[in-house]
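In what follows, a structure is listed as structure tokens, so that the remarks can point back to it.
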Amino acid sequence: MQASRELCTFLRDSPWGRTLAAADLDLVLSSAVERVYQTGQSIVRTGAEADYWVGIMDGLAVQKVLSESGEQTALTAASSGTWFGEGTLMKHGRWQYDAVAQKETRVALIPMQVFQWLLDGSLGFNQFVARLLNARLGHFMELLAIGRLTRIDARVAHTLASLFDPYLYPDRPDLLPFSQSDIGLLAGVSRQRANAALKQLEADGLIETRRQGVRVLDVEGLRSR
DNA sequence: ACATTAAATTCGA
DNA sequence: TCGAATTTAATGT
């Protein structure tokens with residue numbers, strides 16, 4: 001099946017796509033699949049074999065883990081331009097989390113064999129993946145540090161700032177489309193407490209809250225909380 | 001936990 | 001197809 005025009009453009013203009021040799025790019029374009037998920041649908045499921053590398057074309061997905069008692073917590077989010085799954089693919093493993101669409105989300109899927117082929121043969125692709133892994137490592141180290149902050153406002157502030165990492169979220173929208181309960185999930189605090197923290201951060205001029213969204217005005221201000 | 005308000009959906013013209 | 005009415009979801013306290 002031939003990829004749609006939009007999908008081709010997305011792949012060709014992606015930071016790694018533009019480094020590829022013509023033959024490799026052709027392989028990517030002819031093997032990539034585009035898929036649309038509705039709100040609440042899972043793009044990947046815990047325990048399933050990972051056989052695709054996933055890029056968000058449009059929309060938003062949150063990566064969640066479920067505890068045995070059925071409680072869930074969100075690890076991180078992926079918005080348009082974000083690629084994920086490389087770690088699991090390189091291990092030939094199973095997904096360790098669910099990636100759930102938070103709104104209608106369009107994704108590009110690169111088959112594992114093609115991912116592997118690029119990893120084996122393309123320097124540019126390797127450089128992209130190395131940087132991505134490094135950015136993610138930094139991201140999770142930051143999350144670990146955030147988890148140890150006792151002040152709830154600071155936790156929420158850092159969580160919001162982490163969603164603004166330019167490498168992990170290339171096309172970060174200025175309005176993060178998260179409800180207050182989503183932010184609670186991501187920051188590991190209750191919805192009520194997230195509400196109070198957001199009000200405080202807004203009063204300090206660091207963010208602007210909307211229904212269903214938060215606009216970040218001062219990332220550095222959030223980080224220095 | 002409850003009251004309020006905004007958004008989404010249904011229904012009647 | 002428009003807008004009022006009703007339901008549902010997010011927010012504020």
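So you know, we letter chains A, B, ... as the sequences are listed, proteins then strands, and number each from 1.
- What separates CZ of A:R191 from P of C:dA10 is a distance of 10 Å, to the nearest Å.
- Counting any heavy atom pair closer than 4.0 Å across all strands shown, A:Q192 reaches a base atom.
- Regarding contacts with the backbone of C:dT13, a side-chain N or O of A:K199 is found under 4.0 angstrom from either OP1 or OP2.
- Rounded to whole Å, the distance from CD on A:E202 to P on C:dG12 is 8 Å.
- Summarising the geometry, the separation between NZ on A:K103 and P on C:dA9 is reported as 19 Å, rounded to the nearest angstrom.
- Separating the CD atom of A:Q180 from the C1' atom of B:dT4 is a distance of 14 Å, rounded to the nearest angstrom.
- Salt-bridge formation is not detected for the pair A:K199/A:D153: no Lys NZ or Arg NE/NH1/NH2 atom is positioned less than 4.0 Å from an Asp or Glu carboxylate oxygen.
- Distances shorter than 4.0 Å separate none of the side-chain N or O atoms of A:N195 from OP1 or OP2 on C:dT11.
- Ring planes of A:Y167 and A:F128: tilted class, angle from 30 to 60°.
- Between A:Q212 and the phosphate of B:dA7, there is no side-chain N or O to OP1/OP2 separation shorter than 4.0 Å.
- Atom CD in A:Q200 sits roughly 16 Å away from atom C1' in C:dT13 (whole-Å rounding).
- Looking only at atom types and distance, the side chain of A:S4 has a donor-acceptor partner in the side chain of A:E34 under 3.5 Å away.
- Atom P of nucleotide C:dT11 and atom CG of A:L201 are separated by 15 Å, given to the nearest angstrom.
- Ring-plane geometry between A:F115 and A:F125 is classed as perpendicular, the angle between the planes exceeding 60 degrees on a 0 to 90 degree scale with a lower cut at 30.
- Separating the CG atom of A:L198 from the P atom of C:dT11 is a distance of 9 Å, rounded to the nearest angstrom.
- Following rounding to the nearest Å, A:R211 (CZ) and B:dT4 (P) show an atom-to-atom distance of 15 Å.
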